[in-house]
**Q** 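If you scroll down you'll find the structure; I have some questions about it.
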Amino acid sequence: MASSSAGAAGSSSGSGSGSGGGNVASSLSGTGATSSLTGTLNKKKKPFLGMPAPLGYVPGLGRGATGFTTRSDIGPARDANDPVDDRHAPPGKRTVGDQMKKNQADDDDEDLNDTNYDEFNGYAGSLFSSGPYEKDDEEADAIYAALDKRMDERRKERREQREKEEIEKYRMERPKIQQQFSDLKRKLAEVTEEEWLSIPEVGDARNKRQRNPRYEKLTPVPDSFFAKHLQTGENHTSVDPRQGQFGGLNTPFSGGLNTPYPGAMTPGLMTPGTGELDMRKIGQARNTLMDMRLSQVSDSVSGQTVVDPKGYLTDLNSMIPTHGGDINDIKKARLLLKSVRETNPHHPPAWIASARLEEVTGKLQVARNLIMKGTEMCPKSEDVWLEAARLQPGDTAKAVVAQAVRHLPQSIRAKKRVLRKALENVSKSVRLWKAAVELEEPEDARIMLSRAVECCPTSVELWLALARLETYENARRVLNKARENIPTDRHIWITAAKLEEANGNTQMVEKIIDRAITSLRANGVEINREQWIQDAEECDKAGSVATCQAVIRAVIGIGIEEEDCKHTWMEDAESCIAHGALECARAIYAHALQVFPSKKSVWLRAAYFEKSHGTRESLEALLQRAVAHCPKAEVLWLMGAKSKWLAGDVPAARSILALAFQANPNSEEIWLAAVKLESENNEYERARRLLAKARSSAPTARVFMKSVKLEWVLGNISAAQELCVEALKHYEDFPKLWMMKGQIEEQSQCMDKAREAYNQGLKKCPHSIPLWLLLSRLEEKAGQLTRARAILEKSRLKNPQNPELWLESVRLEYRAGLKNISNTLMAKALQECPNSGILWAEAIFLESRPQRKTKSVDALKKCEHDPHVLLAVAKLFWSERKITKAREWFLRTVKIEPDLGDAWALFYKFEIQHGTEEQQEEVKRRCENAEPRHGELWCAESKHIHNWQKKIGEILVLVAAKIKNTF
């Protein structure tokens, strides 16, 4: 193939130059040389190379090389059945390994090589893997596996420790780069802001050529350059003039012969480059070609112009970017922004600036790609997402905004954009309008709401929201329009009433509410009383008191039977108090008192409400009206007198009690209240005269008891004893008189007389528990433990299932040091009184500390809401120093039973130890408001004769001081 090509090439060149014969000869001579070289190589090649050796051939045997013996001389070291190592066999059967693969496909032989043998473990594989695997083998393997696991666990900790030490040692010898620089990293925390800012910027480490690359300069080539070089490549077709002169060709030799042919012009071929290059004509030809192409597309079939030939080039010029800057400046800016993006890819302004640069230069798609890359690198930047949405076309922009909202669920700007776009398509959606308005500022929200009520005229919420943002006059117009569009909604009327009240037009509130009821009924709306009361509560919480009271007066009597009015209204008032709507409750009580002015229970409820939630003035005003309508209600008179007394106005309190005497001439309560008023204000003689007058005009056991108590606390023991004896003649079945007589004798150290008084009292009053307890404690104080125990057993027989008596028995044994007996008695007591809170509370602290928690759980199961059990649990948390839980349980206790003085005293003691001064004052204030009267520790102090004039706060401090943390 090569020689034929060469021949063809030779013939072609010969036809052009006239020397074809020489080329053909050279081609033939070249072919002969090649064949001779191939023959020489064939002569040197041995004929047996590549052929298999003859059978029994031994290399070197012909030269007499028989001085050594090889494996080929003595035969292969294999059995006759072993595969043969035939290197000339076909592939797959050539080596021993190839032939053994087929035999090992189903049965892998064990590797019994020396390299696979370990002195301790033996061979790595199983010697008997080829044998059958039976159940015994499985059990043996399981046992060995368990042993291996057990041994591994025994050595695991030591092995892990050793590995850890080796790793630590290795890390110490060859630490990581991160560890080598860890100390320097820690020291970075000490670098101040000034030192950080003074660190120089990283310079450009490239050399001058790399920093300032030489841009390729392109210079337009002039037409003369083309013309000059075009002439150098021309072929001359004219004959030398000397040829025509001398009639032949001149030879270079001096004695040359003239050619026999006369000189003449040969018809030479004209080359394309011949002549002068006319650049002007080339430009004309180009314009002509352009005109032809434009004319082809200028007119359509119908004759209408599709392309404007004159404006075509103008349109092309308009596509050139009109940024007005140098292209080098753009390149520099692009390079700079690229550097910023690569240095800090999470910097949103870099991506935004890059995208806008490309947008300005006309590369919109590049700008889109850049900003989308920016959203990936800065997914939490609102500006990047908004820029991406701006650059993208419509449908893609929606997807971008949706993606932005997923990445930025809290983004206000993204939400605004989405909601506004949604409102363009779904303008009737109230939810969209509400969501969009919530994100706007008040002024923008007002403008949006103005549009919203036009799109959704039946939405009450939008109308009310717009009214709240408008001025007074505009709000009235808005509400009037709202009533025209929605005549069946009550909220518009209530909002109008609140608007008038807020602007001082309280006289219009009642008219608006009455008109609302009338209008709604005319439009077929059913007046739902509960809904209107809830609206009134909302008005109360919003501070619209007049609107709240007007609504209550308008709807309180709707849909209620006359006999159920009082009960229903009281329930409504309690519900409003529970919801914190005090003005609603006050309005309900006021309406109820107008309807039932002679009902003592209504006046009492209203008075207690004012006492708890009102002012002293409002309470006294209400009580004045109450006693005018119910003059026989002693408690109302007493509440009024006490209010005046607590305010320090004693003469007013006396005048109220004087009026009460006129209305109730022989009332025991009023007599005793007058005595207390005088005695509390140190008017003892007036108190004595009042009591003497009461004993003569209205003699009762309580009057005699108060008389004895007054003389006792004033130190007139003899007078007290005489009065006590006189009282017992008339009221021998009144146990408090017997108790006072015994205590007076006990105070005078007359134990026998005291014992006799208690015994006589028990004969007359065998079911008085305090008498039994006083007698038992008297015997215990005298050292007669057996007699005290017998008295308590006798009392339990006469008063079975009494937890106070059982508790005293348990405490008696505990004080005597007989803890086992006390535990036994407690068990019997809990069997007889399983729901007694005081017994369970005592049982908790009879247990050892580890068992108290379990006992408290049992107590709570039996007595979940008993104040004594709750108090015991609070003390238990207190003893365990769980301050927060203890405070919670104390609060729960005083909330369930505010009359339990012991709970208040323990709570105050707890706050003294673990609370602040504010918390202590809060407990003290709440205790004074609650006015507790009961409790074992509380009564021991409050009823002591030395503390008879002390206030609640003083008694609280005394009781707290007596409490010891023995638990």
**Q** Drop me the distance from Glu804's CD to Ser795's OG, to the nearest 0.5 angstrom.
**A**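 Going from CD on Glu804 over to OG on Ser795, the span is 11.0 Å.
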
**Q** Are the side chain of His944 and the backbone N or O of His946 linked by a donor-acceptor pair below 3.5 Å?
**A**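 Yes; judged by distance alone, with no hydrogens or angles, the pair exists.
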
**Q** Nearest heavy-atom pair of Ala874 and Ala886: which atoms, and what distance?
**A**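 Reported closest heavy-atom pair: O-CB, 3.8 Å.
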
**Q** Specify the closest pair of heavy atoms between Asp899 and Arg933, including all atoms of both residues, with the distance to one decimal.
**A**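 In this case the closest contact between Asp899 and Arg933 is OD1-N, 3.0 Å.
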
**Q** Take atom CD of Glu931 as the centre, draw a 6.0 Å sphere, and report whether it contains more than 12 heavy atoms from other residues, nucleotides or ligands.
**A**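 Yes, the 6.0 Å shell around CD holds more than 12 heavy atoms from other groups.
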
**Q** So, Asn799 side chain and Pro766 main chain: donor-acceptor pair closer than 3.5 Å or not?
**A**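 Yes, because the side chain of Asn799 sits within donor-acceptor range (under 3.5 Å) of the backbone of Pro766.
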
**Q** Distance alone, cut at 3.5 Å: any donor-acceptor contact between the side chains of Gln721 and Glu711?
**A**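 Result is no, nothing qualifies.
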
**Q** Less than 4.0 Å between a side-chain N and a carboxylate O, is that true for Arg925 and Glu922?
**A**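 Judged by the 4.0 Å cut-off on N to carboxylate O distance, Glu922 and Arg925 do form a salt bridge.
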
**Q** I want to check something: taking the side chain as every heavy atom from C-beta on, are Lys862 and Val869 in contact at a cut-off of under 4.5 Å?
**A**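 Lys862 vs Val869: side chains apart.
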
**Q** Rounded to the nearest 0.5 Å, what separation is found between the CE atom of Met739 and the CG atom of Leu773?
**A**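 Between atom CE of Met739 and atom CG of Leu773 there are 10.0 Å.
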
**Q** With a 4.0 Å cut-off, would you call Asp858 and Lys855 a salt bridge?
**A**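 Looking at Lys855 together with Asp858, the answer is no, because their closest N to O distance does not fall below 4.0 Å.
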
**Q** Taking C-beta and beyond as the side chain, do Met705 and Leu737 meet within less than 4.5 Å on heavy atoms?
**A**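 They are in contact (side-chain heavy atoms under 4.5 Å apart), so the answer is yes.
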
**Q** Do the rings of Tyr731 and Phe704 sit parallel, tilted or perpendicular, given the 30° and 60° boundaries?
**A**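 Answer is tilted, since the angle falls between 30° and 60°.
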
**Q** Test side-chain contact (heavy atoms from CB on, under 4.5 Å) on Trp878 and His914; report intermediate values, then the result.
**A** CA-CA 10 Å; Trp878 185 7; His914 304 286; 3.1 Å; yes

**Q** In the structure I gave you, are the side-chain heavy atoms of Lys781 and Glu746 within less than 4.5 Å of one another anywhere?
**A**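 Result yes, sub-4.5 Å side-chain heavy-atom pair found.
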
**Q** To the closest 0.5 Å, what do you measure between CD (Glu954) and OG (Ser942)?
**A**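 Output value for this atom pair is 13.0 Å.
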
**Q** Atom CH2 of Trp569 and atom CG of Asp572: how far apart are they, to the nearest 0.5 Å?
**A**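 Interatomic distance, Trp569 CH2 to Asp572 CG, rounded to 0.5 Å: 9.5 Å.
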
**Q** Does atom CZ (Phe596) have a neighbourhood of more than 12 heavy atoms from anything else shown, all under 6.0 Å?
**A**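 Check passes, neighbour count above 12.
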
**Q** Take Arg777 and Glu808 through the test side-chain contact (heavy atoms from CB on, under 4.5 Å) and record every step on the way to the result.
**A** CA-CA 9 Å; Arg777 288 169 185 168; Glu808 185 63 24; 3.1 Å; yes

**Q** Could you go step by step and tell me if Arg811 and Glu936 meet the salt bridge (charged side-chain N to carboxylate O under 4.0 Å, His left out) rule?
**A** CA-CA 13 Å; Arg811 288 178 175 174; Glu936 184 180 2; 2.8 Å; yes

**Q** Scan Glu745, Gln743, Lys753 and name whichever one has a side chain to side chain contact (heavy atoms under 4.5 Å, CB included) with Tyr758.
**A**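 So, applying the side chain to side chain contact (heavy atoms under 4.5 Å, CB included) to Tyr758 and each of Glu745, Gln743, Lys753, only Gln743 qualifies.
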
**Q** Evaluate whether atom NZ of Lys909 has more than 12 neighbouring non-hydrogen atoms of other residues, nucleotides or ligands under 6.0 angstrom away.
**A**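 Enclosed.
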
**Q** Is any side-chain heavy atom of His868 closer than 4.5 Å to one of Leu900?
**A**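 A side-chain contact exists here, since the closest heavy-atom pair is under 4.5 Å.
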
**Q** Sub-3.5 Å donor-acceptor pair from the side chain of Glu571 to the main-chain atoms of Thr568, do we have one?
**A**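 No.
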
**Q** Just by distance, with hydrogens left out, do Glu726 and His730 show a side-chain donor and acceptor under 3.5 Å apart?
**A**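 No.
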
**Q** Anything under 3.5 Å between a donor and an acceptor, one on a side chain of residues 827-841, the other on a protein residue two or more places apart or in another chain? List them.
**A**
| unit_1 | atom_1 | unit_2 | atom_2 | d |
| --- | --- | --- | --- | --- |
| Glu832 | OE1 | Trp806 | NE1 | 3.3 |
| Glu832 | OE2 | Gln801 | N | 2.7 |
| Trp840 | NE1 | Pro834 | O | 2.8 |

**Q** May I ask you to check whether over 12 heavy atoms, not counting those of Glu864, lie within 6.0 Å of atom CD?
**A**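 Check fails, neighbour count at 12 or below.
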
**Q** Is any side-chain heavy atom of Trp772 closer than 4.5 Å to one of Lys794?
**A**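 Yes, at least one pair of side-chain atoms sits under 4.5 Å.
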
**Q** Are Glu880 and Arg849 within salt-bridge range, i.e. N to O under 4.0 Å?
**A**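 No, this pair does not count.
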
**Q** Please tell me if the side chains of Thr884 and Phe877 come closer than 4.5 Å, counting only heavy atoms from C-beta onward.
**A**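 When only atoms from C-beta onward are counted, Phe877 and Thr884 do not touch, as no gap falls below 4.5 Å.
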
**Q** Could I get the full list of side-chain hydrogen bond (donor to acceptor under 3.5 Å, both in side chains) partners for Lys962, not counting sequence neighbours?
**A**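 Lys962 satisfies side-chain hydrogen bond (donor to acceptor under 3.5 Å, both in side chains) with Glu941 once adjacent residues are dropped.
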
**Q** Report the distance from atom CZ of Phe890 to atom CZ of Arg887, rounding to the nearest 0.5 Å.
**A**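 Answer for the CZ-CZ pair, Phe890 versus Arg887, is 10.0 Å.
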
**Q** side-chain contact (heavy atoms from CB on, under 4.5 Å) for Arg695 and Leu723? Distances and angles first, verdict last.
**A** CA-CA 11 Å; Arg695 289 197 301 271; Leu723 282 172; 4.0 Å; yes

**Q** Would you call Glu911 and Lys924 a salt bridge, using N to O less than 4.0 angstrom?
**A**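 No.
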
**Q** Kindly indicate, with the supporting measurements, whether the criterion side-chain contact (heavy atoms from CB on, under 4.5 Å) is fulfilled by Trp938 and Ile952.
**A** CA-CA 10 Å; Trp938 185 269; Ile952 298 293; 4.0 Å; yes

**Q** Would a 4.5 Å heavy-atom cut-off, applied to side chains only, mark Arg789 and Glu813 as touching?
**A**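 Arg789 vs Glu813: side chains touch.
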
**Q** Over all heavy atoms of both residues, which pair between Gln920 and Tyr908 is shortest? Give the atoms and the distance, please.
**A**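 So the minimum-distance heavy-atom pair works out to O-CE1, 3.6 Å.
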
**Q** Can you name the closest pair of heavy atoms from Leu593 and Ala606 and give their distance?
**A**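 Scanning both residues, the minimum pair turns out to be CD1-CB, 4.1 Å.
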
**Q** Might you work through the salt bridge (charged side-chain N to carboxylate O under 4.0 Å, His left out) test for Lys951 and Glu928, ending with a clear yes or no?
**A** CA-CA 9 Å; Lys951 301 287 190 295; Glu928 290 173 349; over 6 Å; no

**Q** Heavy atoms only: give me the nearest Leu619-Ala607 pair and the separation to one decimal.
**A**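 For Leu619 and Ala607, the tightest heavy-atom pair comes out as CD1-O, 3.4 Å.
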
**Q** Are the side chains of Leu860 and Leu870 in touch, meaning some heavy atoms are under 4.5 Å apart?
**A**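 Answer yes - side chains close enough.
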
**Q** Supply the atom-to-atom distance Leu805 CG to Ile791 CD1, rounded to the nearest 0.5 angstrom.
**A**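 Between atom CG of Leu805 and atom CD1 of Ile791 there are 12.0 Å.
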
**Q** Please give me the minimum heavy-atom distance between Ala585 and Cys576, naming the atom from each residue.
**A**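 Nearest pair, atom of Ala585 first, then Cys576: N-CB, 3.9 Å.
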
